[in-house]
**Q** 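Following this message is one structure expressed as structure tokens.
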Amino acid sequence: MKIRFGNLKFLIRWAVWAAVPLLLLSIGWPSFGKTTEQERQIGKEAAEQIAKEYKFVTDPKILERVERVGRIVAAAAQADEPDITYTFHVIDSSDVNAFSLPGGYIYLYKGLLDKVESDDELAAVIAHEIAHVTKHHVRKLIEKSQKLSLSTLAAMVVVLASGNQVASDAVMVTQWITQAKLSGFSVKFEQEADFTALEYLEKTPYSPVGLLTFMERLANEEFWRPKIDWGIYRTHPLSEERATALEKALRDKGIPIYRRRVVYSRQVQVRDLGDSAQLVLAGKVLASIAPDDAQTAAERATSIAKRINSVLDTEPSPQEVTVGIDGKSVVVRKQVVFTVTEADAAANGKTPQQTAAEFCRVLRTALFNEMLNNPRLRF
């Protein structure tokens, strides 16, 4: 998965991704099936080269999270490749990127970990990279190539997987023209990895919707960047196309698409202040919540947040957020999600009517901003 855009260095890397397979299409592989010893050797040597070229994150909390999520996803893929032991590594770089090597080496960049908003999205990225391994995409790219030494193949795999520009000149000069013949190979592999990842995620506690929301976020960022026609050098489908295909696949599988459950920034959160609590959405306070005779402020706020998030899962428009006829209730899609008490009003320093009106205003603004910042939802 390559997801960094925007500068000349990236354009060169992208071209390298497209050109390298032409040197790799070679070894006399057996028919496709389980991982071969040669794949393992290439992956091992490529991993050794990467270990020399990259700095890795050593923070135990970060590594524990990746390992914990990775192990669960790997177990879901075990039926496809029972003999592979996956290893997970975090590269200390702000790039939003991830890649895998034959034999089960999975690499995530620190920038990607900062980008995912939940373990569901992290699991989705890992599932995608594991799918590249179980579907033997590198092996399929190398299948028809001429004989190359193990070290050369390993070096080429490093370039192919990570985008490292070492040795790119030799690759690009001799293979540029014939790239047209290979255009589409990696597009198909990325799509296959996406759909296989959904299958793996269905076998885990993590929601397959995490792959959709992460891809939508990338698509939204691409929307605001200058459009580039990759032509024959386009080896990955655009994030927008992948998001559209993933959404269709989820619907075909009958999987409910509840984006807020895997994107924390789109959930109403509870901020416990002790004597009171706050309902917060996208960094903005919707209202302060007071305790009542049965619940603490935090308990009551949690109950209200759960009710609001459940309705927001249906993706209401800003216009569907209104004040109830009593003037004190917040109504979303004709459902009362919160009724302001006198104690709530006092905690907000307003009347119940003013508190409800302000709650609706902030919620409508948050929903409007979501639409504005997400072209896939807007159009």
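A quick note: this is a predicted structure, and the numbers were derived from the prediction, not measured.
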**Q** Is the NZ or CZ atom of Arg261 positioned over Tyr258's six-membered ring, under 6.0 angstrom from the centre and within 45° of the axis?
**A**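 Yes, a cation-pi geometry.
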**Q** At their closest point, which heavy atom of Leu198 faces which heavy atom of Ala249, and how far apart are they?
**A**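 Heavy atoms only, the tightest pair is CD1-CB, 3.8 Å.
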**Q** Taking the side chain as every heavy atom from C-beta outward, state whether Glu240 and Met215 have any atom pair closer than 4.5 Å.
**A**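 SC-SC contact between Glu240 and Met215 ruled out.
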**Q** Consider only side-chain heavy atoms of I, L, V, M, F, W and Y, link residues closer than 4.5 Å, and tell whether Leu211 and Val66 are in one cluster.
**A**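 Same cluster.
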**Q** If you measure from the Lys or Arg side-chain nitrogens to the Asp or Glu carboxylate oxygens, is any gap between Glu216 and Arg259 under 4.0 Å?
**A**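 Salt bridge present between Glu216 and Arg259.
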**Q** Please name the residue in the list Tyr109, Phe99, Tyr107 that meets the ring-ring contact (aromatic ring centres under 6.0 Å, His included) test with His89.
**A**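 Only one of Tyr109, Phe99, Tyr107 forms a ring-ring contact (aromatic ring centres under 6.0 Å, His included) with His89, namely Tyr107.
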**Q** List for me each residue that meets salt bridge (charged side-chain N to carboxylate O under 4.0 Å, His left out) alongside Glu320, sequence neighbours excluded, and say none if there are none.
**A**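 Arg333.
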**Q** Under 4.0 Å between a side-chain nitrogen and a carboxylate oxygen: does that hold for Glu247 and Arg251?
**A**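 So Glu247 pairs with Arg251 through a salt bridge.
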**Q** Lys135 and Thr196: side-chain contact (heavy atoms from CB on, under 4.5 Å), yes or no, with the steps?
**A** CA-CA 9 Å; Lys135 295 303 178 181; Thr196 301; 3.3 Å; yes
**Q** Looking at Gln354 and Thr351, would you say the former's side chain and the latter's main chain have a donor-acceptor pair under 3.5 Å?
**A**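 Checked: pair present.
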**Q** Counting only heavy atoms from other residues, nucleotides and ligands, does the tally under 6.0 Å from CZ of Phe368 exceed 12?
**A**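 Atom CZ in Phe368 is not crowded, with 12 or fewer foreign heavy atoms closer than 6.0 Å.
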**Q** Tell me, do Ile126 and Phe88 make a side-chain contact under 4.5 Å, heavy atoms counted?
**A**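 Yes, side chains in contact.
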**Q** Looking at side-chain heavy atoms only, is the closest gap between Phe214 and Leu122 below 4.5 Å?
**A**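 With C-beta onward as the side chain, the pair stays apart.
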**Q** Do side-chain atoms of Gln269 reach the backbone of Tyr264 as a donor and acceptor pair under 3.5 angstrom?
**A**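 A pair under 3.5 Å: yes.
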**Q** Is a salt bridge present between Glu48 and Lys44, judged by a nitrogen-to-oxygen distance below 4.0 Å?
**A**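 Salt bridge flag = yes for Lys44 with Glu48.
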**Q** Say you draw a straight line from CZ of Arg65 to NZ of Lys61; how long is it, rounded to the nearest 0.5 Å?
**A**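 Answer for the CZ-NZ pair, Arg65 versus Lys61, is 11.0 Å.
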**Q** Quick one: are Phe56 and Val90 in side-chain contact, heavy atoms under 4.5 Å?
**A**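 Phe56 does not reach Val90 side chain to side chain.
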**Q** Between Ser288 and Ser276, do the side chains contain an N or O donor and an N or O acceptor separated by less than 3.5 Å?
**A**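 Checked: Ser288/Ser276 side chains show no N/O donor-acceptor pair below 3.5 Å.
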**Q** Mind checking the CG-CG spacing from Leu113 to Leu63? Nearest 0.5 Å is all I need.
**A**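 Answer rounded to 0.5 Å: 9.5 Å.
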**Q** When you check the gap from the basic side-chain N to the acidic O, do Glu121 and Arg217 get nearer than 4.0 Å?
**A**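 Salt bridge present between Glu121 and Arg217.
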**Q** Applying side-chain contact (heavy atoms from CB on, under 4.5 Å), run through Val337 and Ile304 and close with a yes or a no.
**A** CA-CA 7 Å; Val337 296; Ile304 295 169; 6.0 Å; no
**Q** Can you tell if the side chain of Gln278 reaches within under 4.5 Å of the side chain of Val270, non-hydrogen atoms only?
**A**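 The answer is no, as the side chains (C-beta and beyond) never meet within the 4.5 Å cut-off.
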**Q** Passes salt bridge (Lys or Arg N to Asp or Glu O under 4.0 Å), Glu202 versus Lys253? Steps please.
**A** CA-CA 10 Å; Glu202 286 185 272; Lys253 287 174 173 288; 2.9 Å; yes
**Q** Looking at Arg242 and Gln191, would you say the former's side chain and the latter's main chain have a donor-acceptor pair under 3.5 Å?
**A**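 Judged by distance alone, no pair lies under 3.5 Å.
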**Q** Looking at every non-hydrogen atom in both residues, tell me the closest pair between Ala47 and Leu101 and how far apart they are.
**A**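 Distance-wise, the nearest heavy atoms are N-CD1, 3.6 Å.
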**Q** Decide, yes or no, whether a salt bridge links Glu358 with Arg361 under the criterion of side-chain N to carboxylate O below 4.0 Å.
**A**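 A salt bridge links Glu358 with Arg361.
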**Q** Could you check if a side-chain atom of Arg260 sits within less than 4.5 angstrom of a side-chain atom of Glu370, using non-hydrogen atoms only?
**A**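 With C-beta onward as the side chain, the pair touches.
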**Q** Compare every heavy atom of Pro208 with every heavy atom of Leu250, then report the nearest pair and how far apart it is.
**A**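 The answer is CD2-CB, 3.8 Å.
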**Q** For side-chain contact (heavy atoms from CB on, under 4.5 Å), just list the numbers for Asp92 and Tyr54, CA-CA rounded to whole Å, side-chain angles, deciding distance to a tenth of an Å, and then say yes or no.
**A** CA-CA 8 Å; Asp92 193 1; Tyr54 290 92; over 6 Å; no
**Q** Can you sort out the partners of Lys203 under side-chain hydrogen bond (donor to acceptor under 3.5 Å, both in side chains), two or more places apart, ordered by chain and number?
**A**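 Lys203 satisfies side-chain hydrogen bond (donor to acceptor under 3.5 Å, both in side chains) with no other residue.
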**Q** Would a hydrophobic clustering, with Ile, Leu, Val, Met, Phe, Trp and Tyr connected at side-chain separations under 4.5 Å, put Val57 with Ile106?
**A**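 Val57 and Ile106: one cluster.
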**Q** Side chains of His132 and Glu190: is there a donor and an acceptor less than 3.5 Å apart?
**A**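 Side-chain D/A pair, His132 to Glu190: present.
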**Q** Going only through I, L, V, M, F, W and Y residues with side-chain contacts under 4.5 Å, is there a path from Ile62 to Tyr86?
**A**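 Yes: a chain of side-chain contacts under 4.5 Å links Ile62 to Tyr86.
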**Q** Roughly how far apart are Arg68 CZ and Arg71 CZ, rounded to 0.5 Å?
**A**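 Rounded to the nearest 0.5 Å, the CZ-CZ separation comes to 13.0 Å.
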**Q** Is Asp344 reaching over with its side chain to a backbone N or O of Ala290, donor-acceptor style, under 3.5 angstrom?
**A**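 At least one qualifying donor-acceptor pair exists.
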**Q** Do the side chains of Val362 and Leu367 join up, straight or via other hydrophobic residues, at under 4.5 Å, putting them in one cluster?
**A**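 Yes, it is one cluster - the side chains of Val362 and Leu367 are joined through contacts under 4.5 Å.
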**Q** Between Glu299 and Thr296, is there a donor-acceptor pair closer than 3.5 Å when you use the side chain of the first and the backbone of the second?
**A**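 Checked: pair present.
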**Q** Closest heavy-atom contact between Ala297 and Asp275?
**A**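 Result for this residue pair: CB-O, 3.9 Å.
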**Q** Is a side-chain donor or acceptor of Asn309 paired with a backbone partner of Val268 at a separation under 3.5 angstrom?
**A**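 Side chain of Asn309 to backbone of Val268, a donor-acceptor pair under 3.5 Å: yes, one is there.
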**Q** Output all residues satisfying side-chain hydrogen bond (donor to acceptor under 3.5 Å, both in side chains) with Thr322, sequence neighbours left out; order by chain, then residue number.
**A**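 Testing Thr322 for side-chain hydrogen bond (donor to acceptor under 3.5 Å, both in side chains), a comparison that skips the adjacent residues, returns none.
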**Q** Closest approach of Ala98 and Glu129, non-hydrogen atoms and distance?
**A**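 Smallest heavy-atom distance, with atoms named: O-OE2, 3.5 Å.
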**Q** Donor-acceptor pair, Arg40 side chain versus Pro102 backbone, under 3.5 Å?
**A**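 Side chain of Arg40 to backbone of Pro102, a donor-acceptor pair under 3.5 Å: no, none is there.
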**Q** Flag yes if more than 12 heavy atoms outside Lys306 fall under 6.0 Å of its NZ atom; otherwise flag no.
**A**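 Not buried by this count: 12 neighbours or fewer within 6.0 Å.
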**Q** Output, in order, the C-alpha distance, side-chain angles, deciding distance and verdict of side chain to side chain donor-acceptor pair (under 3.5 Å) for His136 and Thr134.
**A** CA-CA 5 Å; His136 307 284; Thr134 61; over 6 Å; no
**Q** Would you please say whether a donor-acceptor pair under 3.5 Å links the side chains of Arg300 and Gln295?
**A**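 Side-chain D/A pair, Arg300 to Gln295: absent.
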**Q** So do the side chains of Leu363 and Val332 get within less than 4.5 Å of each other, counting heavy atoms only?
**A**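 Yes, their side chains come closer than 4.5 Å.
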**Q** Give a yes or no answer on whether the side chain of Asp326 reaches the backbone of Lys328 with a donor-acceptor pair at less than 3.5 Å.
**A**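 It does hold such a pair.
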**Q** Cluster question for you: counting only ILVMFWY and a side-chain heavy-atom cut-off of under 4.5 Å, with indirect links fine, are Val321 and Val331 together?
**A**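 Shared cluster, no.
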**Q** Does Asp59 have more than 12 heavy atoms from other residues, nucleotides or ligands lying within 6.0 Å of its CG?
**A**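 Atom CG in Asp59 is packed in, count exceeds 12.
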**Q** Tell me if a side-chain donor or acceptor on Asn348 pairs with a main-chain N or O of Thr355 at a distance below 3.5 Å.
**A**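 Not at all, since once roles are kept as given, no pair shorter than 3.5 Å links the two residues.
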**Q** Hey, what do you get for CG (Leu108) to CG (Asn97), rounding to the nearest 0.5 Å?
**A**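 Taking CG in Leu108 and CG in Asn97, the distance rounds to 9.5 Å.
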**Q** Going by heavy atoms in the side chains, are Ile130 and Val73 under 4.5 Å from each other?
**A**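 With C-beta onward as the side chain, the pair touches.
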**Q** How long is the gap from CZ on Phe359 to CG on Leu281, to the nearest 0.5 Å?
**A**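 Between Phe359 CZ and Leu281 CG, I get 8.5 Å after rounding to 0.5 Å.
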**Q** Treating Ser310 as the side-chain partner and Arg307 as the backbone partner, does any N or O pair qualify as donor plus acceptor under 3.5 Å?
**A**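 Not a single qualifying donor-acceptor pair exists.
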**Q** Going from CG on Leu112 to OG on Ser94, what distance comes out if it is rounded to the nearest 0.5 angstrom?
**A**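 Rounded to the nearest 0.5 Å, the CG-OG separation comes to 11.5 Å.
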**Q** Kindly give the heavy-atom pair with the smallest separation between Ile257 and Val209, and that separation in Å.
**A**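 It is CA-CG2, 4.0 Å.
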